[in-house]
Novice: 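Mind having a look at this structure? Questions to follow.
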Amino acid sequence: MGPASLRSVYPGPGGFDPKEVKREFPIFANNPDLVFLDSAASAQKPRSVIDGTAEYYRTDYANVHRGVYRLSARSTERYEEARDKVRRFLNASDRREIVFVRNTTEAINLVAQSWGAAFLREGDEVVISELEHHSNIVPWQLLRDRIGIKLVVAPIDATGGLDLAAFETLLSRRTRLVAVTHMANATGALVPVERVVALAHRHGAKVLLDGSQAAPRLPVDVQALGCDFYAFTGHKVYGPTGIGVLYGRFELLSAMPPYQGGGEMILHVSFDKTEYQEPPHRFEAGTPDIAGAIGLGIALDFIEELGRENIREHEEALTGYGVDRLAQIRGLRLLGAGQRRLGILSFDLEGVHPHDVSQVLDQHHVAVRAGHHCAQPLMEQLGLSGTTRASLGVYNDEADIDRLAEALKAAREMFLR
Amino acid sequence: MGPASLRSVYPGPGGFDPKEVKREFPIFANNPDLVFLDSAASAQKPRSVIDGTAEYYRTDYANVHRGVYRLSARSTERYEEARDKVRRFLNASDRREIVFVRNTTEAINLVAQSWGAAFLREGDEVVISELEHHSNIVPWQLLRDRIGIKLVVAPIDATGGLDLAAFETLLSRRTRLVAVTHMANATGALVPVERVVALAHRHGAKVLLDGSQAAPRLPVDVQALGCDFYAFTGHKVYGPTGIGVLYGRFELLSAMPPYQGGGEMILHVSFDKTEYQEPPHRFEAGTPDIAGAIGLGIALDFIEELGRENIREHEEALTGYGVDRLAQIRGLRLLGAGQRRLGILSFDLEGVHPHDVSQVLDQHHVAVRAGHHCAQPLMEQLGLSGTTRASLGVYNDEADIDRLAEALKAAREMFLR
Amino acid sequence: MMDLRELYQDIILDHGRHPRNFRKIEHPTHFAQGHNPLCGDRVTIYVTLDGDRIADVSFQGRGCAISTAAASLMTEVLKGKTTAEARALFAQFHARATGGEPAADLPEPLAEEMDRLEPLTGVKAYPARVKCATLSWHALEAALKGSGEMVKTE
Amino acid sequence: MMDLRELYQDIILDHGRHPRNFRKIEHPTHFAQGHNPLCGDRVTIYVTLDGDRIADVSFQGRGCAISTAAASLMTEVLKGKTTAEARALFAQFHARATGGEPAADLPEPLAEEMDRLEPLTGVKAYPARVKCATLSWHALEAALKGSGEMVKTE
Ligand SMILES: Cc1ncc(COP(=O)(O)O)c(C=O)c1O
Ligand SMILES: Cc1ncc(COP(=O)(O)O)c(C=O)c1O
């Protein structure tokens, strides 16, 4: 039974029954006790993605773009069809605005090294926030070291959300780019990106949004958001590893110099002078991750079949349940997430180190993440070395949260007797 | 029946029977008439790679390196085990010398952008050859445009091999890097890389070898070769798309600055200052292509089970047969490949454009490549806009060559009546 | 998969072997080079406009049977046409060669010329070859727009 | 998978809750900071050498039960030992904590100290936690080599 039928037969809080959805994920059949609460690090893969990718290799595989023969034409068609799926997933207006990369990290590095190095000058400012993942910090530090831009950091407010007022005061004529997360991976805080875009554009700055956590959880419409760049990573939207997406407005992409040089991205090469392809191919040097792109396309189909509004409702309901359930655990402090949080519960269990918490949880077959979640500056700002983080996917239900709560009590007992 | 047993039961020219090996590749069961002679562009995948990757997602999938729980530990172990397999495949002395990248193209860009931008100065010389693929030309042009290095091109001799005498005269104190292919993808010419390394090192230059075509066909021993960097791409060694390898001597890698910034590659991040991991992690920013690396490891197992000397013998024998067979076709001129050629037959059919040749071949279910093979400068040097190229894999046999020859005759008849 | 003879019809093989108007115009009013990145082939289109009418058109360059025949047939069909007629023909031809819907019916004399181009629309079954059939048209379009520009097929 | 109580033995829970020698030495002859990139934890080791003998050793920092207990037990075991003995103990402990072969037998008095460290070698079944158990030892090694250096676990 495919996810499309699940939706109609078992209407749950998100219009689908996570127990049925779970059957689409082979990992749970092979690990029957597993309570997987680490989808923010990486999501599990549905059968359709695993089998569809394997089937592609079995029936249609060949290199893309350069072959006259049928297999290569079929392969090219499927690869470019995956690009169309991504275009629809983001509601971009033009398929040429979709660049396949390895992951979010590479998408952001591409913008920094191509757009940033070509169009920014010493003293120009890039504004990020305290909520950022290392992937949206370090590329800008590398660019700072290379050309002398200034990195400006917008603070969080007392509740853990982005401090919009403070953010606004940091914008000026020198601001050339605002690069912020759509949703914080360490706390689940949703950032009011529509406001961020409006403020940044008012100052003539471009906007890059890190959609790693938002893409799997919310409908995303880059035209409605009005952002200039949007990045997300395949392995968090139930797709394969090795594939990610950079969306960029066509006008910007076509002015940007290449990022890596090689095959596929050129029009003509001579030793003296090389002419480059138009976007997106200009930015896809070498043989791309063809099977990864096709697998990502299948994953997006899976998401669309469940329904993106349904997924959001499912995660909202379950997040609410989780917040209530964790509030009952003594000594547990949930990290703030401003006005809204989605799909992520990050907490400190008083007196017990996150490593020890997650070790005990693992003994109870509950998989969560412990540590700084690649957001060390935020952790330091919060006065923590790390937290324990439980994060949700379409396969989780209330029973998983109950198992988490039970295991947390056991951890408390073990270390705080 | 696995490839190990094939070898003993059906000793062919390469110690194995390609007909039996072919059964390990599902693409041929699904395309029964297919004669696949485009492995130099990308090889087909054995069942073990396709199924093994799918099985990994079904049983052990989780993000690597940061999880305390079992699934993540298992995933990390399998990812790092793949690195060990690559180390053995190249006979590198240290697993930290193996960096996972997307493909050969990225491996070369990494060296250009990290090592090149950090250690080369205006006026320093990088020597490449006329035999190079665009992936080993354009990264150096981008670096030239960025910091003003000089790109020196070593010519081919009249037979199509690298002109070693001319190469030697190009070396000087200003030569900082020699970056050449181990085997030319457009002609199959084997480059005497041991000599190249010795000459380059005598002038104090480092050496990067592009092993894209050699890795699937020859035993490669980076310690015996003495090269400083070695690059190859997973999809040509019967592995998945999206994964490739950069080998670099540890001493060099540990002095190199990061290439992309993000998660996984850092020790500690603050907004002011960031400390980076040691190699290889310093160069693997963001979530890596975990499944791709594991699939590559399985592909290397497959190759080792067949036996790398066996594969070389198989390809040598079949290449010889192909040369003889094509010599009988009127108006066909095989491109020169110097002293030795392996696995690649690149030719011009007088009066018939390569596109038309390969179109007719496709009608006969023979898949070959037509065009410049991402080696436009070489094509221009040879006075051609392109060639038709047939290239071999472990699944090809003499019958495939016979089918190619028949189809070529049909093409000639069609266009030259 | 259709029979290959539908792609390589006799008229195409003929024009491929013996291209018409395969020559340089010494003093064209317009010209442009087209480039197919797939195979590296280039074609140069020369045009002499007399007012808005194509007084002469020719081509040179290296190409496969399809692209050579396409350029050859194009030059035959376009001689004496207005630039507007040339554009209308290209729009129609492009739509049919890519398997799309032709925008509008052509007026009678142009429809006849379109019939002459019909054999080339066999490429629609071979996506990799569409570029070969349209390269010279793209170059013509570029020639009429500016002068001396380089274009590639989309 | 073994029982979690083999990882968190009572002695570890005890030292984790009540670490010994958890203090700063104001004027150490040697010190170094260790850093576990997995969780961001840091530990500082302070040493006062008297000739070649460890007169005093202490630590400070934030860590999980394993890393705190490991540092605590290490300081207890090392007080009064020579630097050579400290290195021999670390070699033995490291081998056992990673599931490797211990290099050589330790002489009798050291072998007894090794017994005290034995509970920590339960980490060998949990690869992600080996770093927690060895962090303080790596920092000690760095402290004895130079001074004031930063190290991370391998
Ligand atoms: C010699 C050579 N170098 C580099 C490449 C580029 O490999 P990739 O496209 O996987 O980066 C290829 C294959 O296309 C090749 O044959
Ligand atoms: C907000 C955010 N940004 C960036 C990333 C990096 O994603 P990747 O590792 O796939 O590049 C992640 C996930 O790790 C994330 O949650």
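Reminder, nothing fancy here: chain letters follow the sequence lines and each chain counts from 1.
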Novice: Give a yes or no on whether a salt bridge exists between B:Asp145 and A:Lys273, defined as a side-chain N under 4.0 angstrom from a carboxylate O.
Specialist: no

Novice: So do the side chains of A:His372 and B:Val269 get within less than 4.5 Å of each other, counting heavy atoms only?
Specialist: no

Novice: Under the criterion side-chain contact (heavy atoms from CB on, under 4.5 Å), I'd like the reasoning laid out for B:Glu380 against A:His268: C-alpha separation, chi angles, the key distance, then a yes or no.
Specialist: CA-CA 11 Å; B:Glu380 273 162 35; A:His268 181 78; 2.9 Å; yes

Novice: Look at A:Thr287, A:Val368, A:Asn103 and state which one has the largest set of heavy-atom pairs under 4.5 Å with chain B.
Specialist: A:Thr287

Novice: Indicate the atoms forming the closest heavy-atom contact of A:Pro258 with B:Leu142, along with that distance.
Specialist: CG-CD2, 4.2 Å

Novice: Based on non-hydrogen pairs under 4.5 Å, which of B:Gly371, B:Ala367, B:Ala54 is most in contact with chain A?
Specialist: B:Ala367

Novice: Counting heavy-atom pairs under 4.5 Å with chain A, which one of B:Ile128, B:Asn109, B:Asn30 comes out on top?
Specialist: B:Asn109

Novice: Contact part of A:Ala375 toward chain B, heavy-atom cut-off under 4.5 Å: side chain, backbone, both or neither?
Specialist: neither

Novice: Please identify each residue that fulfils salt bridge (charged side-chain N to carboxylate O under 4.0 Å, His left out) with B:Arg47, with sequence neighbours left out.
Specialist: none

Novice: Give a yes-or-no answer on whether the side chains of A:Tyr61 and B:Thr241 include a donor-acceptor pair shorter than 3.5 Å.
Specialist: no

Novice: Return the minimal non-hydrogen interatomic distance between B:Val68 and A:Gln359, and the atom names on each side.
Specialist: CG1-OE1, 3.4 Å

Novice: Between B:Ala43 and chain A, which part of the residue has a heavy atom less than 4.5 Å away: side chain, backbone, both or neither?
Specialist: backbone

Novice: What heavy-atom pair brings A:Pro377 and B:Ser270 nearest, and what distance separates the two atoms?
Specialist: CG-CA, 4.2 Å

Novice: Please give me the minimum heavy-atom distance between A:Cys374 and B:Gly263, naming the atom from each residue.
Specialist: SG-CA, 4.0 Å

Novice: For the CD atom of B:Gln260 and the CD atom of A:Gln260, what is their distance to the nearest 0.5 Å?
Specialist: 6.5 Å

Novice: Is chain A contacted by the side chain of B:Val49, its backbone, both, or neither, given a heavy-atom distance below 4.5 Å?
Specialist: neither

Novice: Identify which part of A:Asp51 has an atom lying under 4.5 Å from any heavy atom of chain B, answering side chain, backbone, both or neither.
Specialist: side chain

Novice: Using heavy-atom distances under 4.5 Å, tell me whether A:Ile266 contacts chain B through its side chain, its backbone, both, or neither.
Specialist: side chain

Novice: Let's test your reading of the structure: which of A:Ala370, A:Ala285, A:Pro354, A:Pro257 forms the most heavy-atom pairs below 4.5 Å with chain B?
Specialist: A:Ala285

Novice: Name the region of A:His373, side chain, backbone, both or neither, that has any atom closer than 4.5 Å to a heavy atom of chain B.
Specialist: neither

Novice: Below 4.0 angstrom, N of the basic side chain to O of the carboxylate: do B:Asp272 and A:Arg144 qualify?
Specialist: no

Novice: Are A:Leu34 and B:Leu71 side-chain neighbours, meaning at least one heavy-atom pair lies under 4.5 Å?
Specialist: yes

Novice: Report which part of A:Glu132 has an atom under 4.5 Å of a heavy atom belonging to chain B: side chain, backbone, both, or neither.
Specialist: neither

Novice: State, with a plain yes or no, whether a side-chain heavy atom of B:Tyr57 is found less than 4.5 Å away from one of A:Gln44.
Specialist: no

Novice: Go through the structure and list residues passing ring pair (Phe, Tyr, Trp, His ring centres under 6.0 Å) with A:Phe100, not counting sequence neighbours.
Specialist: A:Tyr79

Novice: Return the option, out of A:Met265, A:Lys236, A:Arg146, with the maximum number of heavy-atom pairs under 4.5 Å with chain B.
Specialist: A:Arg146

Novice: Which heavy atom of A:Gly262 sits nearest to which heavy atom of B:Val138, and what is that distance?
Specialist: N-CB, 3.7 Å

Novice: Any chance you could measure B:Leu151, atom CG, to A:Phe271, atom CZ, to the nearest 0.5 Å?
Specialist: 7.5 Å

Novice: Which bit of B:Pro288 is near chain A, if near means a heavy-atom gap under 4.5 Å: side chain, backbone, both or neither?
Specialist: backbone

Novice: Looking at every heavy atom in both A:Gly261 and B:Thr105, which two are closest together, and how far apart are they?
Specialist: O-CG2, 3.2 Å

Novice: Under 4.5 Å heavy-atom distance to chain A, tell me which part of B:Phe36 shows up: side chain, backbone, both or neither.
Specialist: side chain

Novice: Return the CD to CD distance between B:Glu106 and A:Glu106, rounded to the nearest 0.5 Å.
Specialist: 5.5 Å

Novice: Do B:His365 and A:Arg70 make a side-chain contact, defined as non-hydrogen atoms from C-beta onward lying under 4.5 Å apart?
Specialist: yes

Novice: Give, for atom CG of A:Asn31 and atom CZ of B:Arg58, the distance between the pair rounded to the nearest 0.5 Å.
Specialist: 13.0 Å

Novice: Is any side-chain heavy atom of A:Thr274 closer than 4.5 Å to one of B:His134?
Specialist: no

Novice: Using heavy-atom distances under 4.5 Å, tell me whether B:Ser72 contacts chain A through its side chain, its backbone, both, or neither.
Specialist: side chain

